[in-house]
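Below, chains carry the letters A, B, ... as their sequence lines are ordered, and counting in each starts from 1.
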Amino acid sequence: MIDKSHLWVVIIGLGIGSYLLRFAFIGLVGGRQMPDWLLRHLRYTAVAVLPALVAPLVAWPAATDGALDPARLTAALVTLGVGLVTRNVFGSIFAGAATLYALLYLLG
Amino acid sequence: MSATTTKSPSLGEAFWRGCRHGAPFVLVVGPFAILFGVLATEAGLNVLETLAFSVVVVAGAAQFTALQLMTEEAPTLIVLASALAVNLRMAMYSASLTPYLGAAPLWQRALIAYIILDQSYACASVEFEKKQDMTVPERIAYFAGTSAPVVPSWYFCTYLGAGIGTRVPDSWALDFALPITFLALMAPMLRTRAHLIAAIVSVVVSLLAAGLPYSMGLLIAGVLAMMAGARAELYFDEKARRT
C-alpha cells in the first residue's frame, strides 16, 4: 500500500519535472547545438534504467515473497528472447504471457 | 499574404497525416494505460489520483517506476529522481526535435513539449527526415496530429483500468505484466553493442545494489549503465576508425 501523504508531491513533482525535461531543449535551447557528450549519455537512458527496474522484479518476484520463481524467470527470458529476435513488441508480450500462464498451470 | 490562402489546407493535410501515423500506436498505448490504471488502483490509489497521474505526467514508464517505488515505500526524493531518470530520454527527443521545430513561436513550443512522447517522436523523427521541405507550421501541425489519437486514449484507458482495478483475480498473475511489458519494449532497443553493454551493466548493478536502503539501486544502476553505454560507444567508434 502507498503512503498517501506524499502521493501528490510525487504526481505534481513528476509532472513538472517531466515537462521541464521535454521543454528543456525545444523551449530554451532553441537552435543551438547540444554538446556531444550529453547526447551520447542521453542515448542510453532507456536501456540503462529500464533493465535496472525489471531485473529485481524478475529475480525476486513479490508474488512469491521474493523467492526465485521458475515460471516467472522463464517467461521473462522468453519475452526478451522473442523481442531480440523478432523486434516485435506485441509478439514478445504475447510469447511471455503464454509462457507464464502455461508454466503456472503446469507447475501448479 | 498570398501564403495564407494555401496555408490552411496544407496544415490540415499535415495534421491528418500525423493522425494517421499516430493512430496505430493506440493499440500499444491503450493496454499499457489500462495496466497502469489497474496496478495503481491495486496499490491503493483512487480513480482521481490514478487519472491525475496520467494527465499530469503522460509518460508510462516513469509512472510505473514511481508506482513501483512508492509501493516499496522509497523516500519521495528517490521516487522522483528515479522516475525522472526514466524520463531523461524525453530530453533527448526534445533535443533532436529542436532543429525542426525550434523556429516555432514559444507558445507553440510550450504546448508541443507536453506531447513529446515515445510515439509522437517515433513518427516525427522519420517524417521530418524524409520530408525536408516541410514548413515549420506544417511540422507543428503534423506533430500535434501524431499525438491527437494517442493522448486521449492514454487518459481514457487509464480511467478504464482504474475502473477494472481490484476486480482482477490474483490467478491472472498481473504482478508480472509490468516486467513482461518492459522487457518487450526494451528488447528492440538493444540495437548496438553499446546498448547491450549498458543493459547488462544495468542488470548486474541493480541486482548487486538491491540491498541498498531507500531503493537507491535503480538510480545508481541507471547512471552507471548510461556511462557504460556512452564509454562503449566511444570505444567502438574509435576502434572502427582505426581499422
Side-chain angles (χ1 to χ4, degrees), chain A residues 1-4 6-7 9-15 17-19 21-27 29-31 34 37 39-63 72 75-76 79-80 82-84 87 89 92-93 96-97 100-101 104, chain B residues 43-44 49 52-53 56-57 59 62 65-66 70-71 73 76 79-80 83-92 94-95 97-98 101-102 109-110 112-114 116 173 175-176 179-190 195 198-199 202-203 206-207 210 218 221-222 225-226 229-230 233:
Chain A
M1 275 298 164
I2 284 174
D3 173 16
K4 289 289 182 74
H6 294 140
L7 177 64
V9 179
V10 168
I11 293 179
I12 292 168
L14 191 53
S18 300
Y19 183 80
L21 284 175
R22 289 167 163 136
F23 187 69
F25 293 102
I26 202 169
V29 178
M34 248 63 63
W37 67 266
L39 293 180
R40 200 181 311 120
H41 282 81
L42 291 179
R43 257 198 290 285
Y44 296 95
T45 50
V47 291
V49 180
L50 296 184
L53 182 71
V54 171
L57 298 177
V58 172
W60 305 294
R72 287 178 168 79
T79 309
L80 189 62
V82 172
L84 282 172
R87 315 254 142 183
V89 174
S92 41
I93 288 178
L100 179 64
Y101 285 137
L104 284 177
Chain B
E49 291 158 347
F53 232 125
V56 172
V57 183
T65 305
M70 282 191 290
T71 48
E73 289 168 11
T76 306
V79 175
L80 282 173
L84 285 173
V86 173
N87 258 354
L88 270 179
R89 70 186 188 290
M90 300 296 170
M92 180 184 70
S94 179
L97 288 170
T98 300
L101 303 174
R109 282 181 284 146
I112 285 293
Y114 177 76
I116 294 179
D175 63 283
F176 218 59
I180 285 184
T181 310
F182 274 12
L183 284 167
L185 289 174
M186 215 168 64
M189 294 181 201
L190 302 172
H195 283 86
S202 173
V203 169
S206 72
L207 292 179
L218 174 59
M226 225 187 289
E233 183 188 310

Review point. Quick one: CZ on B:R89 to CZ on A:R22, what's the gap to the nearest 0.5 Å?
Key: 8.5 Å
Point to revise | B:I180 to A:T79 - nearest heavy-atom pair and separation | key: O-CG2, 3.4 Å
Practice item. Answer with side chain, backbone, both or neither: which region of A:I93 has an atom nearer than 4.5 Å to a non-hydrogen atom of chain B? Key: both
Point to revise | Shortest non-hydrogen separation from A:A48 to B:G222 and the atoms involved | key: CB-O, 3.4 Å
Point to revise | B:M92 side chain reached by A:F25 side chain, heavy atoms, under 4.5 Å | key: no
Review point. Taking B:T65, B:V56, B:L185, B:L101 one by one, which has the highest count of heavy-atom pairs under 4.5 Å against chain A?
Key: B:V56
Review point. If you round to the nearest 0.5 Å, how far is OG of A:S18 from CG of B:L80?
Key: 9.5 Å
Exercise for review: Using modelled atom types only, decide if a donor and an acceptor are shared between the side chain of A:R40 and the backbone of B:A230 within a distance under 3.5 Å.
Suggested key: no
Check your understanding: Rounded to the nearest 0.5 Å, how far does CD1 of B:I116 lie from CZ of A:F23?
Key -> 10.0 Å
**Study point:** Candidate list A:T45, A:V49, A:L14, test side-chain contact (heavy atoms from CB on, under 4.5 Å), partner B:V86, passing option
**Key:** A:V49
Point to revise | Over all atoms of both residues, closest heavy-atom pair of B:L190 and A:R87 | key: O-NH2, 3.7 Å
Revision key, fill the gap. Given A:L39, A:L53, A:V9, the one with more heavy-atom pairs under 4.5 angstrom with chain B than any other is A:L53
**Study point:** Closest-packed option against chain A by number of heavy-atom pairs under 4.5 Å, given B:A198, B:A62, B:A187
**Key:** B:A187
Check your understanding: What residue, out of A:G15, A:P51, A:A55, A:G83, has the most heavy-atom pairs lying under 4.5 Å from chain B?
Key -> A:P51
Point to revise | Interface moiety of B:N87 toward chain A, non-hydrogen atoms closer than 4.5 Å | key: both
Review point. Distance from A:L50 atom CG to B:T181 atom OG1, nearest 0.5 Å?
Key: 11.5 Å
Review point. If you look at every heavy atom in A:H41 and B:M226, which pair is closest and at what distance?
Key: O-CG, 3.2 Å
Practice item. Heavy atoms only, distances under 4.5 angstrom: which of A:L100, A:V58, A:L7 has the most pairs with chain B? Name it, please. Key: A:L7
Practice item. Without swapping roles, check the side chain of B:S202 against the backbone of A:A52 for a donor-acceptor pair under 3.5 Å. Key: yes
Point to revise | For chain A, the option from B:A113, B:A110, B:A66 that forms the most heavy-atom pairs under 4.5 Å | key: B:A113
Point to revise | Distance in Å, B:L183 CG paired with A:S92 OG, rounded so as to fall on 0.5 Å steps | key: 8.5 Å
Point to revise | Region of A:A59 that comes under 4.5 Å of a non-hydrogen atom in chain B | key: side chain
Practice item. Could you tell me which non-hydrogen atom of B:L84 sits nearest to which non-hydrogen atom of A:G17, and how far apart they are? Key: CD2-C, 3.5 Å
Review point. Which bit of A:V47 is near chain B, if near means a heavy-atom gap under 4.5 Å: side chain, backbone, both or neither?
Key: both
Review point. For the candidates B:F176, B:F182, B:Y114, which exhibits the highest count of non-hydrogen atom pairs separated by less than 4.5 Å from chain A?
Key: B:F176
Practice item. Determine whether A:H6 and B:V79 make a side-chain contact, defined as any pair of heavy atoms from C-beta on separated by less than 4.5 Å. Key: no
Practice item. Find out whether A:V10 and B:F53 are in side-chain contact, i.e. whether some heavy atom of one side chain is under 4.5 Å from a heavy atom of the other. Key: yes
Practice item. May I ask you to decide if A:I26's main-chain N or O and B:R109's side chain share a donor-acceptor pair within less than 3.5 Å? Key: yes
Check your understanding: Where does A:W37 contact chain B at under 4.5 Å (heavy atoms): side chain, backbone, both or neither?
Key -> neither
